[in-house]
Amino acid sequence: MAKRLCCESMGMRKGPWSAEEDHILISHIQTHGHANWRALPKQAGLLRCGKSCRLRWINYLRPDIKGGKFSEEEQDSILKLHQILGNKWSTIAARLPGRTDNEVKNFWNTHLKKRVQNANISNYSYTTLQEAQASDGSSSLASNKDPSIVSCDTNLEQSMGNHGSCQISEEMEFWYNVFIKSG
DNA sequence: AATGTCTTCAACCGCCACCGA
DNA sequence: GTCGGTGGCGGTTGAAGACAT
């Protein structure tokens with residue numbers, strides 16, 4: 001595949017978005033939608049690349065963005081989902097209405113990661129999908145095996161210094177069911 | 001008050017998957 | 001089957017603000 005230049009194209013603006021640019025993007029999308037991100041900036045008269053427009057819209061301008069601080073429940077959800085899914089930020093964000101993958105990723109990296117690292121020695125139990133599958137006894141799940149989850153488990157294992165008990169708690173089973181069984 | 005260090009998070013980059021020609 | 005275009009994702013960066021000395 002040919003290497004794309006994206007924002008390196010001549011004349012493209014980079015860096016923080018101005019209020020005016022936001023306004024242009026919002027009104028253009030409200031009027032014309034965003035069927036083609038690459039063509040959008042040109043149509044809207046923005047000196048941004050399509051990727052940048054898409055990111056700005058998805059993460060900050062969409063009307064259904066909740067914004068603000070993460071509630072305790074949300075934090076709890078992220079922790080649990082991350083145990084199961086690893087760094088699948090978009091999948092995790094999809095389970096948190098009004099939150100974006102970037103938001104979740106940033107929150108994890110700045111807050112929860114430390115929290116987990118601090119707590120891991122004591123009681124941050126975790127499991128692997130394989131173990132979950134084994135405990136569930138459902139053979140159909142084997143086909144859903146995602147290599148990324150395996151690697152995430154490896155990372156977790158490393159980051160947690162192998163302190164996890166690997167026991168499947170009821171809570172984990174619940175979240176496992178939510179994800180895997182609901183597809 | 002001035003300076004250095006740390007933290008946060010918006011934005012960018014590179015890669016990959018998917019789709020149509 | 002392959003190629004190019006596009007959307008989407010996760011990792012990373014760097015500016016700005018907060019905090020410590």
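Per chain, numbering begins at 1; letters A, B, ... match sequence-line order. Just the heavy atoms: all of them, side chains too, but no hydrogens, waters or symmetry mates, feed the values below.
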Would you indicate, yes or no, if B:dG14 has its OP1 or OP2 atom less than 4.0 angstrom from a side-chain nitrogen or oxygen of A:Lys51?
no
Any base atoms under 4.0 Å from A:Ala35, or only sugar-phosphate, or nothing? Heavy atoms, all strands.
sugar-phosphate
Would you say A:Gln75's side chain and A:Glu72's backbone share a donor-acceptor pair under 3.5 angstrom?
no
Measuring from A:Leu81:CG to A:Ile78:CD1, what's the distance to the nearest 0.5 Å?
8.0 Å
Mind checking A:Tyr60 for me? I need base, sugar-phosphate or nothing, with any heavy atom below 4.0 Å counting as a touch.
base
Could you state the atom-to-atom distance from NZ of A:Lys105 to C1' of B:dC12 in whole Å?
10 Å
Return yes if some donor-acceptor pair links the side-chain N/O of A:Ser52 with the main-chain N/O of A:Cys49 below 3.5 Å, else return no.
no
Under 4.0 Å: is that the gap between some side-chain N or O of A:Trp37 and OP1 or OP2 of C:dG8?
yes
So, OP1 or OP2 of C:dG5: does either fall under 4.0 Å of a side-chain N or O from A:Arg38?
no
Between B:dC6 (P) and A:Asn109 (CG): distance, integer Å
18 Å
Over all strands shown, is A:Ser90 touching base, sugar-phosphate only, or nothing at heavy-atom distances under 4.0 angstrom?
sugar-phosphate
Over how many whole Å does the gap from A:Asp101 atom CG to B:dA11 atom C1' extend?
13 Å
For the rings on A:Trp89 and A:His82, is their centre-to-centre separation under 6.0 Å?
yes
Ring centroid separation A:His111 to A:Trp108 under 6.0 Å
no
OP1, OP2 of B:dC12 versus side-chain N and O of A:Arg56: anything below 4.0 Å?
no
Taking atom C1' of C:dG8 as reference, at what distance in whole Å does atom CZ of A:Arg62 sit?
13 Å
Atom-pair distance (CZ on A:Phe107; P on B:dT8), nearest Å
10 Å
Strictly below 4.0 Å: does A:Arg48 bring a side-chain N or O up to OP1 or OP2 of B:dA11?
no
Rounded to whole angstrom units, what separation is found between the CH2 atom of A:Trp57 and the C1' atom of C:dT6?
19 Å
How many Å lie between CD1 on A:Ile29 and P on C:dG7, as a whole number?
12 Å
Is A:Arg56 paired with A:Glu21 through a side-chain N to carboxylate O contact shorter than 4.0 Å?
no
Using a 4.0 Å heavy-atom cut-off, write out nucleotides 13-19 of chain C from 5' to 3' as B (base contacted by protein), S (sugar-phosphate only) or - (no contact).
-------
Got more than 12 heavy atoms from elsewhere within 6.0 Å of CD, A:Glu73?
no
Base, sugar-phosphate, or nothing: which does A:Asn36 touch, judged by heavy atoms less than 4.0 Å apart?
sugar-phosphate
Establish, with yes or no, whether the OP1 or OP2 oxygen of B:dC9 is under 4.0 angstrom from a side-chain nitrogen or oxygen of A:Asn102.
no
Rounded to the Å, how far apart are A:Asp22 CG and B:dA10 P?
12 Å
With a 6.0 Å cut-off (strictly less than), is the heavy-atom count around NZ of A:Lys66, excluding the residue itself, greater than 12?
yes
Using the side-chain heavy atoms of A:Trp89, tell me which of these nucleotides is nearest: B:dT8, B:dC12, C:dG11.
C:dG11
